[in-house]
Amino acid sequence: MAFTVLYSHIRYFHPSANTIACDWEQFLIHSVINFSTSHSETELLNKLKSTFKTLANLRFIRESYSTNKESILQIENGKKQFWQHLGICLGDEGSCYKSELIPHKSWIKQQPEESTAKEWIRLKILKGWHVLMPLFGDNTATTTGNQRSVNELAFTQPRKSVLLLADTILSWSILYHFYPYPECSEIRNLKTLEKALSMALNQNEQCLAYLTKILNDGHAHVVTAAHLGYRRALVPFSWQVIDNQVVITKNSHTFYCGDIVKSINGVCINALMTEYLSRFSGKAEFCQYLAFREVLSTHMESGNVFQIQRNREIYDIYTDSIQVKTEQQVCFQLLEGNIAYFDLTKNSVEELLPRLAEVNRYKGVIFDLRGYPIDADILLQHLLTSLDLHDKWMEVPVSTNPNHHMLKFEFYGWGLEPVQPHINTTVCFLTNIKAVSYSESILAIVKYYNLGTIIGEKTAGANGDVQQISLLSGGVMYFTGMRVSLLDGSQLHGVGISPDIEIKQTYEQLIRGRYDSYIETGINYIKGQSNYHRNQ
């Protein structure tokens, strides 16, 4: 823990010439091996001093000791450089996030009040011991007299246990300083670091999933090196989670609407839920959907036997590996009462534009957003009647200090402009827990500008460009890198977007033939056959 706290601050907030040139991957692996053999506080303290002396000019002091910090390192203000992180750059050149070195003058301007700007921090690392660390380095020379390159550190091929511990330290360090929703998580509680490190030391590979779990972030998850590029198997039926069970929602030549899936290839899917739920973060309903999806796709083989419950009877149904969904993927359909239906999750809006040109001929139109759409912001331009001027609902943190101190934000919006043809018929949007991220941006604009009536369930509550941590073991950890709210300023993260008309598909509706109560509700709303109480 002492090493991790110091490492996280120096790596991301002390820009000496040596920290900038450091091979941090090699440094971290070497340090994990080195610190695993510390047997006393004195030995640990000496290792901390020797490990970091080539990277930063530090002063280790007793907790009760007070010192003149400016006497430790004298650098003219004109030569001082500081880190400024917009989110944080983690290697993706196409990302909206970046990290850059800025001069002292610019750093001072970034502080909310010049009188409170502190160029030094004091860290508690051990009981009774603190470290004084400058937040700046010299832009013309190294800050230390010891010029031995950290890259010269030698180590053998690291064991799996070493990589697991190193990945835990790396991930926690980034999440601790740069996860934009610390108030919604436990990541800044040092007890979480203690637990994660203990799990890693015991070679519990769920230590990384534990870190993402406590974020309460629907984007957060870990993909191991073995699963990078893995394509999720296509399940040969449409399904939905109803009453904590996987229920088939459409007929095919082998499955029937209302069938309850009990197992796949002899594996009880409900029995695996506890294990799989621990891998996902965010709202409970969203985690449940992701866990069931993972159970189904992970256990697909060359030939599959699904055990299903139908009318209280149990059946085994065999499918081969190349079977695909048998029902037609409907992107556009003309429903009863001259009502149009578009599934925005199946095709791009660009491909639907010829249909949109004639949409005002219909009594109304239903747009299906139960999932992830393609370029649906184009559709919003055909619904808007004035310029979208709200430009502060996406916030990228600007960090010039560690520990979320003096945090500022850069604000963004979409700035959409209305285009022709304008859709002026009655509009509904269908949504549910599968609507996440980009889908929620679409619905947030719909809700704020009253561009249509939203029907269904609350969305997942996870929005904003995702960050990727490249793990030393070869895997990747994902998390949300920016703050995103509703356009009226209210919280979206972990809450989701509430529908105007709230409905929930029930098992009884399915077996009575109402295979899609969302579409049915949309039809009835447009036809005006029912009166609904709209949520305020």
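Residues His219 and Tyr478 keep their aromatic ring centres 6.0 Å or farther apart. Between His85 and Phe178, the ring center distance clears the sub-6.0 Å criterion. The ring of His221 has its center no closer than 6.0 angstrom to the ring center of Phe280. For Tyr7 and Trp172, the distance between ring centers is not under 6.0 angstrom.
Put simply, the side chain of Cys184 reaches to within 4.5 Å of the side chain of Gln491, judged on heavy atoms. Side-chain contact between Pro373 and Leu369: present, with at least one pair of heavy atoms (C-beta onward) separated by less than 4.5 Å. Looking at heavy atoms from C-beta onward, Ile102 lies in side-chain contact with Glu100 at the 4.5 angstrom threshold. Ile497 has its side chain within reach of Leu486: a pair of non-hydrogen atoms, C-beta onward, lies under 4.5 Å apart. Here the side chains of Ile433 and Lys283 are in contact, with some heavy-atom distance below 4.5 Å. Side-chain contact between Pro402 and Tyr12 is absent, with no heavy-atom pair separated by less than 4.5 Å. Here the side chains of Trp129 and Leu48 are not in contact, with every heavy-atom distance at 4.5 Å or above. A 4.5 Å side-chain heavy-atom check between Ile454 and Leu443 finds at least one atom pair inside the cut-off.
A donor-acceptor pair under 3.5 Å is formed between the side chain of Ser173 and the backbone N or O of Ile169. A side-chain donor-acceptor contact under 3.5 Å links Ser297 to the backbone of Arg293. With hydrogens and angles disregarded, no donor-acceptor distance shorter than 3.5 Å links the side chain of Asn202 to the backbone of Asn204. A donor-acceptor contact shorter than 3.5 Å is absent between the side chain of Asp259 and the backbone of Ile248. Judged purely by atom type and a 3.5 angstrom limit, Gln468 has no side-chain atom pairing as donor or acceptor with the backbone of Val476. Within the 3.5 Å criterion, the main-chain N or O of Asn216 finds a donor-acceptor partner in the side chain of His493. For Asn34 (side chain) and His30 (main-chain N/O), no donor-acceptor pair under 3.5 Å exists by modelled atom type. Tyr97 places a side-chain N or O within 3.5 Å of a backbone atom of Asp465 that can act as its donor or acceptor partner. At distances below 3.5 Å, at least one donor-acceptor pair connects side-chain atoms of Lys213 with backbone N or O atoms of Leu277. Panel note: side chain Thr345, backbone Tyr372; no donor-acceptor pair is recorded below 3.5 Å.
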Could you walk me through whether Tyr181 and Phe479 pass ring pair (Phe, Tyr, Trp, His ring centres under 6.0 Å), step by step?
CA-CA 11 Å; Tyr181 295 100; Phe479 69 98; over 10 Å; no
List the steps and the verdict of ring pair (Phe, Tyr, Trp, His ring centres under 6.0 Å) for Tyr289 and Trp239.
CA-CA 10 Å; Tyr289 159 71; Trp239 61 278; 5.7 Å; yes
Evaluate Phe13 against His177 for ring pair (Phe, Tyr, Trp, His ring centres under 6.0 Å), listing each step before the verdict.
CA-CA 10 Å; Phe13 289 97; His177 290 293; 5.2 Å; yes
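Annotation for Lys195: atom NZ does not count as buried by contact number, only 12 or fewer foreign heavy atoms lying within 6.0 Å. For CD of Glu186, the number of neighbouring non-hydrogen atoms (other residues, nucleotides, ligands) closer than 6.0 Å is 12 at most.
Side-chain contact annotation: His9 with Asn403, donor-acceptor N/O pair under 3.5 Å present. Asp217 and Ser281 share no side-chain donor-acceptor pair at under 3.5 Å. Defined by atom type and a distance below 3.5 Å, a donor-acceptor pair is missing between the side-chain atoms of Thr54 and Asn18. If you check the side chains of Asn463 and Ser441, you find a donor sitting under 3.5 Å from an acceptor. A donor-acceptor contact closer than 3.5 angstrom links the side chains of Glu440 and Thr459.
Rounded to the nearest 0.5 Å, atoms CH2 (Trp393) and CZ (Arg483) are 15.0 Å apart. Here Asp167 contributes atom CG and Thr224 contributes atom OG1; the two are 11.5 Å apart, rounded to the nearest 0.5 Å.
The aromatic rings of Trp107 and Phe82 lie parallel to each other, their planes meeting at an angle below 30°, with 60° marking the opposite boundary. Taking the six-membered ring for Trp and thresholds of 30 and 60 degrees, Phe409 and Phe411 have ring planes inclined between 30 and 60 degrees apart.
Residues Arg122 and Glu63 are not paired through a salt bridge, judged by the lack of any N-O separation under 4.0 Å between the basic side chain and the carboxylate. Between Glu41 and Lys127, no side-chain nitrogen of the basic residue sits less than 4.0 Å from a carboxylate oxygen of the acidic one, so the salt-bridge criterion is not met.
A cation-pi arrangement, defined by a distance under 6.0 Å to the six-membered ring centre and an angle within 45 degrees of its axis, is present between Lys49 and Phe60. Annotation: cation-pi pair Arg279/Tyr276 present, NZ/CZ under 6.0 Å from the ring centroid and within 45° of its normal.
What you find for Thr168 and Cys207 is that their closest heavy atoms are OG1-SG, 3.3 Å. Of all the heavy atoms in Pro499 and Gly456, the pair that sits closest is CG-O, 3.2 Å.
Listed by chain and number, the residues in a salt bridge (charged side-chain N to carboxylate O under 4.0 Å, His left out) with Glu285 amount to none (sequence neighbours excluded).
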